[in-house]
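A short write-up of the structure that comes next.
Counting convention: from 1, in listed order, for ligands and their atoms alike.
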Amino acid sequence: MNGLDDTHDPALRSWVPSANEPGTDFPVQNLPFARFRRRGSDTPWRVGVAIGDQVLDLKLATVQCPWGDGVHDLLEPLAQGDLNAFIALGRPAWRTVRQALSMALAEGSDQGPFLELCLVPQRLVEYAMPCFIHDYTDFYTGIHHAMAVGKLMRPDNPLLPNYKWVPIGYHGRASSISLGGTVKRPSGQVRAATGADPVYGPSRRLDYELELGAIVGPGNAPGEPVPMAAAEDQLFGLVLLNDWSARDLQAWEYQPLGPFLAKNFATHISPWIVTMDALAPYRRPFVRVAGDPAPLPYLDSEFNRAAGALDIRLEVGLKTAAMKSAVRVSHSNALDAYWTLAQLVAHHTCNGCNLQPGDLLGTGTLSGPAPGQGGSLLELTAGGREPLTLPNGETRSFLEDGDTVVLRARCEAPGAAPLGFGTLAGTVVG
Ligand code: MN
């Protein structure tokens with residue numbers, strides 16, 4: 001039931017030396033997927049698995065290494081560079097491949113000599129989007145974010161009455177999701193000073209949002225909701241997600257239908273998909289504080305109560321053009337989310353809406369309850385009224401051109417191998 005097996009054994013080591021270094025994001029217990037090629041090679045994108053500071057090329061590995069019964073067929077879509085086709089196979093296939101890769105990359109494996117020839121150093125590769133994303137939905141599960149933003153917009157009524165009953169979300173824009181690198185400052189319509197007409201121009205309140213993104217598994221047919229009991233099987237893995245947001249555009253346009261141009265110009269995700277199976281040691285009970293309503297039955301399950309939440313530490317770094325390296329400006333934990341990923345799947349499909357393999361579900365900004373735990377500048381600066389002072393004396397209310405935002409996530413707990421998500425960095429350009 002808890003999903004733990006030999007692949008999570010914290011004592012497991014790899015024959016790839018860098019995978020055994022304490023600080024690595026990619027020990028043999030992680031095994032995330034990305035699409036990559038040697039930088040500048042102009043060859044078709046391949047699917048790879050991160051191990052330490054290397055990428056295991058699954059096209060080469062499928063052909064050049066002997067595999068156990070049934071594994072070769074499951075590796076075939078990966079060998080062809082098609083992560084969506086592998087995602088569509090579902091959890092039994094994911095688990096079989098995870099088990100096979102874990103054994104093959106573990107110390108003492110007799111597949112080691114074959115696979116050694118299939119490694120590429122991560123520093124020599126470039127990444128593509130890990131899968132094709134048909135549709136993107138962004139939720140609002142960070143209750144501390146919802147409270148903080150609600151206070152800024154509606155001081156007397158910060159949390160709307162539906163929040164504790166229904167997972168709030170909106171349909172985002174799939175075409176502008178990318179691995180990023182840079183984000184161009186958007187222009188749009190902004191409310192002017194009291195009494196004046198709105199104006200069109202560059203956003204002056206550009207912000208980031210610290211989120212996780214869930215990659216949907218096999219999906220469901222139209223008209224067939226996914227019940228909670230099957231919702232976990234619809235979750236392939238997680239990426240870091242930065243939901244770039246123009247707060248001045250947002251404040252003017254968001255009523256009555258919600259976010260639109262303030263959000264859809266760019267959403268960045270990290271290249272590595274950390275699988276839900278890798279995160280099994282970091283599952284935690286889903287709990288509601290006393291007095292809050294219990295989820296309606298269609299959003300409840302025994303497994304969700306026992307292990308629906310995830311202990312993932314998140315942080316945001318900021319580097320201005322004048323700084324040599326990023327400084328941490330906030331940190332939070334995915335445990336503070338008000339809804340679990342399974343609840344998002346069950347709710348999204350409860351009306352019969354169909355999800356497809358590779359769809360992306362954003363968690364919404366994941367903020368903690370304390371000062372310094374806001375997952376956006378909007379919260380950290382109280383809507384821009386209390387600018388952050390950085391170590392070099394610069395101040396920021398919102399992002400300036402040349403600023404780089406760096407998101408990271410890491411899991412650490414007693415009795416489990418620490419693992420991470422890599423980094424997601426994006427720089428604002430004018
Ligand atoms: Mn968002």
Kindly give the atom name of the N, O or S atom of D138 closest to the Mn ion (ligand 1). OD2

Shortest-distance N, O or S atom of E211 relative to the Mn ion (ligand 1): OE2

To the nearest 10 degrees, could you say what angle the Mn ion (ligand 1) makes with OD2 of D243 and OE1 of E209? 80°

Students often mix this up, so state it plainly: with edges at 30° and 60°, are the rings of H348 and F139 parallel, tilted or perpendicular? perpendicular

Should the ring pair H145 and Y140 be called parallel, tilted or perpendicular, given that the plane angle runs from 0 to 90° and is split at 30 and 60? perpendicular

Would you call R313 and E315 a salt bridge, taking side-chain N to carboxylate O under 4.0 Å as the test? no

Do K263 and D243 come within less than 4.5 Å of each other through their side chains, counting heavy atoms only? yes

